[in-house]
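Worksheet for the structure shown next.
The model shown is predicted, which means the values in this text are computed figures rather than measured ones. Just follow the structure's listing: the first ligand is 1, and inside any ligand the first atom is 1.
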Amino acid sequence: MPVTRAVLPVAGLGTRFLPLTKAVPKELLPIVDRPCLEYVIAEAVAAGITDVVLVTSRGKGAVEDYFDRAPALEATLEAAGKLALLGEVRRVASLARVVCVRQDHMRGLGHAVLCAEHAVGDEDFVVILADDIVDAEEPVVGQLLRVHAEEGGAVVALKNVPRERTNRYGICAGPMVRPDRMRIERMVEKPAPADAPSTLSIVGRYVLPPTIFELLRTTPPGAGGEIQLTDALARLPLAHGHVFSGAHFDTGNPVGLLEAQLHYSTRHPEYGAAARALCARYG
Ligand code: UTP
């Protein structure tokens with residue numbers, strides 16, 4: 001059965017962007033002319049995802065509004081003959097079927113995924129972290145779904161990181177069954193560099209079976225006192241890691257967001273020339 005559902009946890013406080021995130025969800029910060037969140041939803045849709053579950057929280061109403069229809073605005077644009085803008089406004093609202101569920105307490109990424117259980121049901125599904133934006137010829141979600149179709153079980157996206165930074169990521173280890181594919185035997189959340197079993201870190205894309213929900217329910221709080229998705233994943237009987245191809249940006253911190261903005265703006269069909277000229281001037 002094709003995988004058609006994606007869960008996007010966006011409930012986090014985004015403290016690295018405070019004070020901005022007092023008022024603006026970080027998922028709506030722009031890369032050129034679109035919010036970060038739209039890039040990852042477009043990636044999912046390009047890989048065949050039709051249904052998106054956003055796990056939101058207090059103060060994230062603007063995220064819900066962004067992907068909703070806006071009848072009054074649409075009527076105003078139509079009456080003014082601004083049809084190109086009207087098309088854009090409608091396009092965003094029809095990217096995917098979007099439903100929102102709330103996480104009432106920040107109990108960690110694993111808990112946020114568990115909050116989506118009723119909206120997902122008894123099917124394999126994808127989890128996408130909106131902080132991880134990847135510019136790739138084949139969408140990373142599509143790369144993972146290809147591995148999932150071949151191997152079954154869970155699949156996570158992997159990326160090599162410098163050893164001194166393993167304490168920031170979930171790290172996987174196991175035999176490489178192909179140059180870009182690991183049969184995962186161990187997963188450790190944020191290991192100290194000396195204890196890390198490898199330098200392949202999980203990037204925010206997962207294909208998961210619905211059995212993950214029961215595991216999440218019985219996973220005790222781990223690193224940082226939060227229910228960690230990695231800890232539940234480590235208890236799954238079968239998981240593969242796929243070392244994806246593509247340019248990855250961590251937009252959850254200001255420098256990573258700036259890098260993504262430079263990457264996409266200098267390649268943008270409309271603003272690219274202006275962006276490159278600006279880079280040259282400020283370079
Ligand atoms: P982060 O660890 O990046 O936390 O969460 P954050 O709140 O987004 O940002 P900082 O670290 O305070 O700056 C990783 C992902 O998990 C989601 C976040 O929204 C983000 O997409 N998350 C995290 C939840 O949905 N709920 C949680 O309880 C924790």
Quiz item: Can you tell me how far CD1 of Ile128 sits from CD1 of Ile49, rounded to the nearest 0.5 angstrom?
Solution: 6.5 Å
Quiz prompt | Ala130 N/O under 3.5 Å from ligand 1 N/O | solution = no
Quiz prompt | Validation row: His111, Glu226 side chains within 4.5 angstrom (heavy atoms) | solution = no
Practice problem: Before accepting this row, confirm whether a basic side-chain N of the pair Asp104/Arg58 lies closer than 4.0 Å to the acidic partner's carboxylate O. | Solution: no
Quiz item: Of all the non-hydrogen atoms in the protein, which one sits nearest to atom 25 (O) of ligand 1, and at what distance?
Solution: Ala11 N, 3.1 Å
Quiz item: If you measure from CG on Asp132 to OH on Tyr39, what distance do you get to the nearest 0.5 Å?
Solution: 15.5 Å
Practice problem: Could you tell me whether atom 14 (C) of ligand 1 has at least one protein heavy atom nearer than 4.0 Å? | Solution: no
Self-check item: Atoms in ligand 1 with a heavy atom of Asp131 nearer than 4.0 Å
Solution: 3 (O)
Practice problem: Answer yes or no: does an N/O atom from Arg16 fall short of 3.5 Å to an N/O atom of ligand 1? | Solution: yes
Quiz item: Would Arg168 and Glu189 pass as an ion pair if we require N to O under 4.0 Å?
Solution: no
Quiz item: Hey, which of Arg181, Arg183, Arg178 is the one that makes salt bridge (Lys or Arg N to Asp or Glu O under 4.0 Å) with Glu151?
Solution: Arg181
Exercise. Only heavy atoms count here, so choose which of Lys26, Met106, Arg168, Gln103 is nearest to atom 4 (O) of ligand 1.
Key: Lys26
Quiz prompt | From Gly108, Cys115, Gly204 - option closest to atom 28 (O) of ligand 1 by heavy atom | solution = Gly108
Quiz item: If you measure from each non-hydrogen atom of Leu8 to ligand 1, which part falls under 4.0 Å: side chain, backbone, both or neither?
Solution: neither
Quiz item: Are any of the N/O atoms in Leu13 less than 3.5 Å from those in ligand 1?
Solution: yes
Self-check item: Close N or O approach (Leu109, ligand 1; < 3.5 Å)
Solution: no
Quiz item: Do the two ring centres, one from Tyr206 and one from Phe125, sit under 6.0 Å apart?
Solution: no
Quiz item: Is the closest N or O pair between Gly14 and ligand 1 shorter than 3.5 Å?
Solution: yes
Quiz item: If you draw a 6.0 Å radius around CZ in Arg163, do more than 12 non-hydrogen atoms from other residues or ligands fall strictly inside?
Solution: yes
Quiz item: Would you call Phe244 and Leu158 a side-chain contact if the rule is heavy atoms closer than 4.5 Å?
Solution: no
Quiz item: Knowing that exactly one of Val53, Leu208, Ile212, Val120 qualifies, which makes a side chain to side chain contact (heavy atoms under 4.5 Å, CB included) with Val127?
Solution: Leu208
Quiz item: Tell me: protein heavy atom nearest atom 21 (O) of ligand 1, and distance?
Solution: Pro9 O, 2.8 Å
Quiz item: Between Thr15 and ligand 1, which part of the residue brings a heavy atom under 4.0 Å of the ligand: side chain, backbone, both or neither?
Solution: both
Quiz item: What's the shortest distance from atom 19 (O) of ligand 1 to any protein heavy atom, and which residue and atom give it?
Solution: Gly12 N, 2.8 Å
Practice problem: Pull out every atom of ligand 1 sitting under 4.0 Å from any heavy atom of Ala112, numbered as shown with elements. | Solution: 24 (C), 25 (O), 26 (N)
